[in-house]
K.L.:
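Attaching a single structure in structure tokens format; questions to follow.
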2 protein chains.
Amino acid sequence: MAEGVRHGPNVPRVLKTNIPGATVSRLPIYLRCLNDLPASVNTCSSEQLGIIAGVKSAQVRKDLSYLGSYGVRGVGYNVADLSGQIKKALGLTRGYHVVIVGAGNLGSALAGYGGFGSWGFEVVGLVDVDPAKIGAIHHGVTIEPITNLEEICSQREVAIGIVATPSHAAQDVADRLAAAGVVSILNFAPTVLHVPDSVDVRRVDLSTELQILTFHLQNREEGAG
Amino acid sequence: MAEGVRHGPNVPRVLKTNIPGATVSRLPIYLRCLNDLPASVNTCSSEQLGIIAGVKSAQVRKDLSYLGSYGVRGVGYNVADLSGQIKKALGLTRGYHVVIVGAGNLGSALAGYGGFGSWGFEVVGLVDVDPAKIGAIHHGVTIEPITNLEEICSQREVAIGIVATPSHAAQDVADRLAAAGVVSILNFAPTVLHVPDSVDVRRVDLSTELQILTFHLQNREEGAG
DNA sequence: CGTTGTGAAGGTCTTCACAGCC
DNA sequence: GGCTGTGAAGACCTTCACAACG
């Protein structure tokens, strides 16, 4: 589970469900699409879901088949049922406590992200090194000193840590989160984190995304000119 | 290039360089790793680069082989040369103008992101619908009305649009960006954008990432218990 | 020597095509 | 009739293992 791999062959060692990584990364999209459907829609075919999710219908069917068989031939999938099955597969039947490390522009923007609650995520801590920031309230969350990180993680049963620090501080934060028993890290710092195999890191990196866009941009232009 | 596909088989139609998508998405990581090396380091082996980038050395070599043969057997890669080759492959030898749509928490945090400049990206516009925000200056960028979007894109030669609006507004913004000739979009709104094939969209989605983490979290716990 | 570059092997993921079922 | 579920085929990606080379 080392970082840099989005869903490589290095699969978690102990795995009950056998859902391929590529499928896992699409399930949240399906879930959102189902959620955005008008309440009057009770049923949805793989073709329809594929169109709104931007995926081929065969892909949708194969993905959903890993959850078991919840479709009705000739009809499609029951929206509520399917939604529930996806939530169950993703572990969204319970809530998760999240701590955000770094209360800069990004950290406080994340703290104010409204979408957390709807999927059962709750920000139970926002910490920063800067003494001047301590005590300030961003979007309803009080900034605490980073020295409290370990205490916050254990006492508030934090499951997920979000690293929103400058890159030079990110590795140290990741080490501390891992030591405090946090096994899931979402890294917004533009650096590769090195963590034990038992810790799962996902990276969200603006520069990387922009550079991938420019690659295609350049190739398109070369092709055109 | 429809969204939802990170690097599927739907390859851009006209493509000069034949670099696989998976490799393209790792090149920015290598580039950053090389950049972070101390200035005293002139040379770097695939083994070393692999360790800091979190990738197997064979993978590094195969990836770099697509750029041509720039390594020296028995020695490794010249850091400066390799860095230049990667930049060239990614199209980073020129600058790109970026417009950010949506000046909420996230939009203004992005406007203040220091990492833009170092790779040749320049934020030339930050727009919002809210009349109350117009004229305010966030991190040196003045907020302009979204009605100016088309004008900004054409007059300032915008290459990349960043969508940082609420999800209900995102599709409309994408349509307008596409109509204004912007062919690269980075979408932070939690929704799937539907754009013409000629437009390249990449999605950055906090909820999705968190849900993928909880999938692994749940499976780990099931395995342990 | 040590390290690159690469064919070949082995996985994983996507797409097709159609049997099976409502 | 229409749609799901799935084996099979094919595309893509990673890893291995070693010849080639400075």
Side-chain angles (χ1 to χ4, degrees), chain A residues 1-12 15 17-27 29-30 34 41-51 53-79 81-82 85-86 212, chain B residues 1-13 15 17-27 29-30 41-51 53-79 81-82 85-86 212:
Chain A
M1 289 206 210
E3 198 183 23
V5 178
R6 274 202 112 70
H7 268 287
N10 33 2
V11 158
L15 191 68
T17 60
N18 242 353
I19 307 181
T23 294
V24 171
S25 67
R26 278 186 298 266
L27 289 179
I29 302 176
Y30 299 147
L34 292 171
V41 177
N42 293 318
T43 207
C44 183
S45 71
S46 62
E47 184 73 29
Q48 295 169 318
L49 185 51
I51 290 171
V55 166
K56 293 229 161 85
S57 64
Q59 182 78 80
V60 172
R61 289 199 298 280
K62 183 137 281 198
D63 284 343
L64 298 185
S65 76
Y66 292 112
L67 308 183
S69 294
Y70 294 103
V72 180
R73 289 164 199 247
V75 179
Y77 300 86
N78 178 290
V79 173
D81 282 2
L82 182 55
Q85 286 304 329
I86 296 178
I212 295 171
Chain B
M1 287 204 211
E3 198 183 21
V5 178
R6 273 203 113 72
H7 268 287
N10 35 1
V11 158
R13 295 115 314 149
L15 191 68
T17 58
N18 243 353
I19 307 182
T23 294
V24 171
S25 66
R26 277 186 298 266
L27 289 179
I29 302 176
Y30 299 148
V41 177
N42 293 318
T43 207
C44 182
S45 71
S46 63
E47 184 73 29
Q48 294 169 318
L49 185 51
I51 289 171
V55 166
K56 291 229 160 86
S57 65
Q59 181 78 81
V60 172
R61 289 199 298 281
K62 184 137 279 195
D63 284 342
L64 298 185
S65 75
Y66 292 111
L67 308 183
S69 294
Y70 294 102
V72 180
R73 289 166 199 248
V75 178
Y77 299 86
N78 178 291
V79 173
D81 281 3
L82 182 56
Q85 286 303 329
I86 296 178
I212 294 171

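For clarity, every value in this text was computed on a predicted model and none was experimentally measured. Below, chains carry the letters A, B, ... as their sequence lines are ordered, and counting in each starts from 1.
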K.L.:
When the distance from NZ of B/Lys56 to P of D/dC13 is rounded to whole Å, what number comes out?
P.N.:
18 Å

K.L.:
Select base, sugar-phosphate, or nothing to describe what A/Tyr70 touches, counting heavy atoms under 4.0 Å on all strands.
P.N.:
sugar-phosphate

K.L.:
Taking the nucleotide of DNA chain D with the closest heavy atom to each, which residue, A/Lys62 or B/Val72, is nearer the 5' end?
P.N.:
A/Lys62

K.L.:
Starting at OH of A/Tyr66 and ending at P of D/dG5, how long is that distance when rounded to a whole Å?
P.N.:
13 Å

K.L.:
Which residue in the set B/Val24, B/Thr23, B/Ile86 passes side-chain contact (heavy atoms from CB on, under 4.5 Å) when paired with B/Asp63?
P.N.:
B/Thr23

K.L.:
Starting at CG of B/Leu64 and ending at C1' of D/dT14, how long is that distance when rounded to a whole Å?
P.N.:
15 Å

K.L.:
Using a cut-off of strictly less than 4.0 Å, decide whether A/Arg61 has a side-chain nitrogen or oxygen near OP1 or OP2 of C/dC16.
P.N.:
no

K.L.:
Quick one: does B/Arg73 reach the base of C/dT4 with a side-chain donor-acceptor pair under 3.5 Å?
P.N.:
yes

K.L.:
Take atom CD of A/Glu47 and atom C1' of D/dG1, then tell me their distance rounded to the nearest Å.
P.N.:
15 Å

K.L.:
Do A/Val55 and A/Ile29 come within less than 4.5 Å of each other through their side chains, counting heavy atoms only?
P.N.:
no

K.L.:
Starting at CD1 of B/Ile19 and ending at P of D/dT14, how long is that distance when rounded to a whole Å?
P.N.:
14 Å

K.L.:
Take the protein atom CD of B/Gln59 and the nucleotide atom P of D/dA17, then report the distance between them rounded to whole Å.
P.N.:
16 Å

K.L.:
If I compare all heavy atoms of A/Gly50 with all of A/Val60, which pair ends up nearest, and what's the gap?
P.N.:
CA-CG2, 3.7 Å

K.L.:
For A/Thr43 and A/Gln48, which heavy atoms make the closest approach, and how far apart are they?
P.N.:
O-OE1, 4.3 Å

K.L.:
Just checking B/Ser46: base, sugar-phosphate only, or nothing, at a heavy-atom cut-off of under 4.0 Å?
P.N.:
sugar-phosphate

K.L.:
Would you say A/Tyr77 reaches D/dG5's phosphate, i.e. side-chain N/O to OP1/OP2 under 4.0 Å?
P.N.:
yes

K.L.:
Without decimals, in angstroms, what is the distance between A/Leu49 CG and D/dG5 P?
P.N.:
12 Å

K.L.:
Of A/Ser65 and A/Val75, whose closest DNA chain D nucleotide lies nearer the 5' terminus?
P.N.:
A/Val75

K.L.:
Give the rounded distance in Å between these two atoms: CG of A/Asn18 and C1' of C/dC13.
P.N.:
15 Å

K.L.:
Quick one: are A/Tyr30 and A/Leu82 in side-chain contact, heavy atoms under 4.5 Å?
P.N.:
no

